[in-house]
Amino acid sequence: MTQLAGIDFHAPSQEVARQLIGVVLLVDGVGGRIVETEAYDRDDPASHSFSGPSERNLAMFGPPGHAYVYRSYGIHWCLNFVCRDNGHGAGVLIRALEPLAGIGVMRERRALDDVRLLCSGPGKLCQALGVTRAHNALPLDAPPFALSPPGDPVVVVAGPRIGISKAMDVPWRFGLAGSRFVSKPFR
DNA sequence: GCGGCGATTTTCT
DNA sequence: GAAAATCGCCGCA
């Protein structure tokens with residue numbers, strides 16, 4: 001698989017991260033429009049793949065267009081899309097989306113009413129969509145995943161990544177311009 | 001509206 | 001044994 005929702009997952013992670021903004025992501029019919037992503041690459045000290053393959057990050061070195069799910073701070077799950085050529089070890093972290101489908105289900109899972117806060121962060125997003133370790137290494141072109149291209153033209157903004165302690169100078173965080181559903185505003 | 005801190009578990013040194 | 005691609009609660013302004 002190379003093309004999905006108009007995106008070439010063999011491209012560098014920064015490019016894929018930019019292209020993913022505006023794409024609609026559904027997991028078992030629940031999801032919405034991706035409004036925030038971050039790129040991680042093999043030659044990137046902040047990336048899980050920086051030190052080579054391991055038990056946790058193995059999916060990052062698998063085929064592009066698949067999911068990489070890991071446990072964050074022992075509490076949350078975080079969802080990545082694997083990209084670049086097979087074996088390169090690059091991925092895109094899905095950080096936030098604008099809820100469109102299955103909002104009632106998301107509210108139940110998050111025990112929260114405010115639509116704006118349902119998916120405004122990588123951990124929140126996985127809780128709302130029901131993403132867990134069970135989704136690790138699954139292909140994105142088959143159920144429970146579903147991707148569809150943006151309906152409208154998209155304006156993308158970029159900035160430094162969030163929550164890391166290395167390579168904080170590279171602007172590899174991407175967002176939908178003006179979106180109120182991002183985890184933190186862009187400036 | 002902001003900044004500080006604890007929770008919890010996997011991973012790597 | 002420390003650190004981690006986070007979150008939500010608390011105190012204070």
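Labels below follow one simple rule: chain letters A, B, ... track the order of the sequence lines, proteins then strands, and each chain is numbered from 1. Keep in mind that the numbers below use all heavy atoms, side chains included, and drop hydrogens, waters and symmetry copies.
The backbone N or O of A137(A) lies less than 3.5 Å from a partner atom in the side chain of H66(A), making a donor-acceptor pair. For the pair R71(A) (side chain) and W77(A) (backbone), a donor-acceptor distance under 3.5 Å is absent. The main-chain N or O of E38(A) is never found under 3.5 Å from a side-chain atom of R173(A) such that the two would form a donor-acceptor pair. Remark: side-chain polar atoms of N136(A) are not paired, donor with acceptor, to backbone N or O of A59(A) under 3.5 angstrom. In this structure, D114(A) contributes its side chain and R116(A) its backbone to a donor-acceptor pair below 3.5 Å.
Remark: nothing in residues 172-187 of chain A comes within less than 4.0 Å of DNA chain C through any heavy atom. Applying a 4.0 Å cut-off to non-hydrogen atoms, the residues of residues 79-107 of chain A that approach DNA chain C are N80(A), L93(A), R95(A), listed by residue number. Residues of residues 38-56 of chain A having a heavy atom closer than 4.0 Å to DNA chain B, listed by number: S54(A), R56(A). Heavy-atom distances under 4.0 Å link DNA chain C to no residue of residues 20-28 of chain A.
Residue pairs meeting the side-chain hydrogen bond (donor to acceptor under 3.5 Å, both in side chains) criterion with at least one partner in residues 121-134 of chain A, sequence neighbours excluded, are R110(A)-Q127(A), S120(A)-K124(A). Each side-chain hydrogen bond (donor to acceptor under 3.5 Å, both in side chains) pair with one or both residues in residues 150-164 of chain A, not counting sequence neighbours, appears once here: D44(A)-R161(A). Legend: side-chain hydrogen bond (donor to acceptor under 3.5 Å, both in side chains) pairs involving residues 174-187 of chain A, not counting sequence neighbours, sorted by first then second residue: E36(A)-S183(A), R95(A)-S183(A).
The two residues A96(A) and F181(A) make their nearest non-hydrogen contact at CB-O, 3.5 Å. When all heavy atoms of L20(A) and I34(A) are compared, the closest pair comes out as O-CB, 3.6 Å. Across every non-hydrogen atom of S47(A) and D41(A), the tightest pair is CB-O, 3.1 Å. When every heavy atom of D8(A) is checked against every heavy atom of Q19(A), the shortest pair comes out as N-OE1, 3.8 Å.
Between F145(A) and L25(A) there is a side-chain heavy-atom pair separated by less than 4.5 Å. Side-chain contact between L147(A) and I7(A) is absent, with no heavy-atom pair separated by less than 4.5 Å. The closest side-chain heavy-atom distance from R107(A) to L112(A) is not below 4.5 Å.
A cation-pi arrangement is absent between R42(A) and F50(A), since the terminal nitrogen or guanidinium carbon is not both under 6.0 Å from the aromatic centre and inside a 45° cone about the axis.
Using a 4.0 Å heavy-atom distance criterion, M168(A) is classed as making no nucleic acid contact. Within 4.0 Å of I164(A), counting heavy atoms only, lie sugar-phosphate atoms of the nucleic acid but no base atom.
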Summary of protein contacts for nucleotides 8-13 of chain C, nucleotide by nucleotide, where a base hit scores B, a sugar-phosphate-only hit scores S (4.0 Å, heavy atoms):
S-----
Determine, stepwise, if the pair M106(A) / L129(A) fulfils side-chain contact (heavy atoms from CB on, under 4.5 Å).
CA-CA 7 Å; M106(A) 294 195 232; L129(A) 301 204; 4.1 Å; yes
Tell me, with the steps shown, if I21(A) and V35(A) meet side-chain contact (heavy atoms from CB on, under 4.5 Å).
CA-CA 5 Å; I21(A) 300 299; V35(A) 297; 5.7 Å; no
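H48(A) meets the ring-ring contact (aromatic ring centres under 6.0 Å, His included) test with Y70(A); sequence neighbours excluded. Under the rule for a ring-ring contact (aromatic ring centres under 6.0 Å, His included), Y40(A) has no partner lying at least two apart in sequence or in another chain.
Of all nucleotides in DNA chain B having an atom under 4.0 Å from a heavy atom of chain A, the first and last in 5' to 3' order are dA7(B) to dC12(B).
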Pairing string of DNA chain B (Watson-Crick or G-U wobble, both atom distances under 3.5 Å; | = paired to other strand) is |||||||.||||.
